[in-house]
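Residue numbers count from 1 along this sequence. Start at 1 and go down the list; that is how both ligands and their atoms are numbered. Computed from a predicted structure; not experimentally measured.
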Amino acid sequence: MTHKIIPVPAFDYFVFGATGDLAQRKLLPALYYRFIDGQIPQSARVIGCSRSKLDTPGYRQLAANAIRDQVKPDYLDAKLLEDFLSIISYQKIDVSDPESWCSFASVIEQTDQTNRVIVFYLSVAPSLFMPIINGLKQHNLHNNARLVVEKPLGLDLESAKNLNTILLDAFEEDRIYRIDHYLGKETVQNLMALRFANSLFEPLWNSRYIANVQITAAESIGMGGREEYYDKSGAMRDMVQNHLLQLLCLSAMEPPISYDANGIRDEKLKVLRSLQPYSGSDVGRNTVRGQYLSNDRHLSYQQEAKNPNSTTESYVAINVGINNWRWSGTPFYLRTGKRLRTNMTEISFEFRHVPHSIFGGLDTPTKPNAMVIRLQPDERIDLEIMTKEPGPGGMRLRQSILDATFDSKTNQSFRMPRAYERLLLDVVRGDQTLFMRGDEVEAAWAWVDPIIEAWQASGEAPETYEALSQGPAGAFELIAQAGHRWRTIQ
Ligand code: NAP
């Protein structure tokens, strides 16, 4: 085993939206995995809170089904599952109904909560944040508790500020956990280890040696049942404002003073404030919006959204400049889209060409080195380097890939944890390092808003692209202007 299990203290995790998709697909399985690892004490309590007419046995059945669906068979153990289910209960509540809050509060008041970490996880639509926070406040349930909120954290800067005001009215910043699950991925944390625990890369980590950085989050699915939300939101709000900018921040930030919440978040904020602002005609030059067409198996975006005139983007590519000493001159290309060739999320750092090739005249030209951090489908870190083709035949070069993920000797029995596992227990431990602070969220919106406004003002429809392709042609032109090429989505 390479991982170390440090049990967390007893907790009460109240999951609002307990019957929803997120709770069933991510939260319950993540808690189960950590339970079977021995990290969650048997005295912990997970309380599902939703409107559905269920009782505790009914909710345990739902949880058991969700876990059997999501957990790999090797980790399903009847006895451990039974033990895990025994810490789960259900509390019916309609959060919009004041009477429902009274009975909810009276049940909690009868429960002994001494020496427990209390967490309220809002796995519900953002329209329910306000009623829940008001309900918690009215019944004094918020005191000393921690609050977890999920994206979307606003639809623009103004709504994000309003949301922060609502959250801060009941909880101090150090009790608010804004989740971006990308930050819980092992490889993202490994990026920080590679950058800040090695002296090897730091001298190269700047515009002198890195020619461009590409951050791609491609999906082959369409809107997957989220049409109503997605058609109002689009790829920029759904993916760029949060996940892609967070990955950009971790890739570009200066070394923090220490690996702690405010050290990291201060540095990320500085990156967000250094982004080249785009508005008006800059937007047309530096961004591309796309929308997918139908093919023989899939509907087009407009058909799926049931909105034949929709101009919402299902794809975005942006050439982002960072105005600071380290990165001036190195473009960070962001790209995300639905109904692309395959599912692939990665960050690639492409280094500059060798200044002069002594291998001129050989059949294989040298390719620039790259460090590629894969977040999905398989989490890994690769170093692409040029080496000699082994054996006779003269000096022939080839590109080799070094696996820099983990030491293969100690990696034998390692189970790659899911992002939510780490994050859910970080809340109990009180560690906010991998969560977003309110000012970061606002800074990201402040950069994104003028781009969306310029798109709307232009009145232009997004460029179309073939379903399951590499994206719109305009995105390739965007990056070719600087002499770069997208990595293939594969
Ligand atoms: P969902 O499947 O629609 O679930 C919504 C939940 O809210 C249900 O459990 C529903 O319970 C509950 N609910 C609705 N109205 C309620 C009320 N008045 N009182 C109490 N409970 C109420 O949504 P989801 O996909 O789980 O997403 C939840 C949140 O997480 C959303 O903000 C979403 O954007 C965000 N998110 C989701 C994912 C994901 O993978 N699903 C990923 C990132 C972020 P009843 O049906 O029992 O009333």
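The option with the heavy atom closest to atom 35 (C) of ligand 1, from among Lys53, Arg51, His243, Lys151, is Lys151. When Leu54, Asp180, Val124, Asn242 are ranked by how near their heavy atoms come to atom 32 (O) of ligand 1, first place goes to Val124. When the options Leu122, Ile179, Val15, Leu22 are ranked by their closest heavy atom to atom 37 (C) of ligand 1, first place goes to Leu22.
At the top of the distance list for atom 13 (N) of ligand 1, counting protein heavy atoms only, stands Leu128 CD1, 4.1 Å. Among all protein heavy atoms, the one lying closest to atom 20 (C) of ligand 1 is Ile93 O, 3.2 Å. Shortest contact from atom 45 (P) of ligand 1 to any protein heavy atom: Thr19 OG1, 3.4 Å. In this structure, the protein non-hydrogen atom closest to atom 44 (C) of ligand 1 is Glu150 OE1, 3.1 Å. Looking from atom 4 (O) of ligand 1 to the surrounding protein, the closest heavy atom is Gly20 CA, 3.3 Å. Atom 47 (O) of ligand 1 has its closest protein heavy atom at Ser52 OG, 2.5 Å. Nearest non-hydrogen protein atom to atom 18 (N) of ligand 1 is Asp94 OD1, 2.9 Å. Nearest non-hydrogen protein atom to atom 2 (O) of ligand 1 is Asp21 N, 2.9 Å.
Neither side chain, Thr165 nor Asn162, offers a donor N or O lying under 3.5 Å from an acceptor on the other. With 3.5 Å as the limit, one finds no donor-acceptor pair spanning the side chains of Gln432 and Arg437.
Note: His139 and Trp101 have parallel aromatic rings, judged against thresholds of 30 and 60 degrees for the angle between ring planes.
Not a single heavy atom of Gln24 lies less than 4.0 angstrom from ligand 1.
Considering every non-hydrogen atom in both Tyr465 and Ser314, the closest pair reads OH-OG, 2.9 Å. In plain terms, the two heavy atoms of Pro152 and Tyr229 that are nearest each other are CG-CE1, 3.9 Å. Minimum interatomic distance between Arg146 and Arg429 (heavy atoms only, all atoms of both residues): NH1-C, 4.0 Å.
Shown in contact with Ala18 at under 4.0 Å from a heavy atom are these atoms of ligand 1, numbered in order with element: 9 (O). Residue Ser96 has at least one heavy-atom neighbour below 4.0 Å for each of these atoms of ligand 1: 18 (N). For ligand 1, the atoms lying closer than 4.0 Å to a non-hydrogen atom of Pro152 are 34 (O).
The pair Arg178-Glu173 meets the salt-bridge criterion, since a charged nitrogen lies less than 4.0 angstrom from a carboxylate oxygen. Between Lys79 and Glu82 no salt bridge is recorded (no basic side-chain N to carboxylate O distance below 4.0 Å).
By the criterion of a heavy-atom distance under 4.0 Å, the side chain of Arg25, and not its backbone, is placed next to ligand 1. Neither the backbone nor the side chain of Pro131 comes within 4.0 Å of ligand 1, counting heavy atoms alone.
With ring centers used as reference points, Tyr315 lies 6.0 Å or more from Tyr292. Between Tyr420 and Tyr33, the distance separating the two ring centers is not shorter than 6.0 angstrom.
Considering backbone and side-chain atoms alike, Val95 places an N or O below 3.5 Å from some N or O of ligand 1. Residue Ala23 places no N or O, backbone or side chain, under 3.5 Å from any N or O of ligand 1.
There is a protein heavy atom closer than 4.0 angstrom to atom 40 (O) of ligand 1.
Geometrically, Arg415 engages Tyr75 in a cation-pi contact, judged by NZ or CZ lying under 6.0 Å from the ring centre and within 45° of the ring axis.
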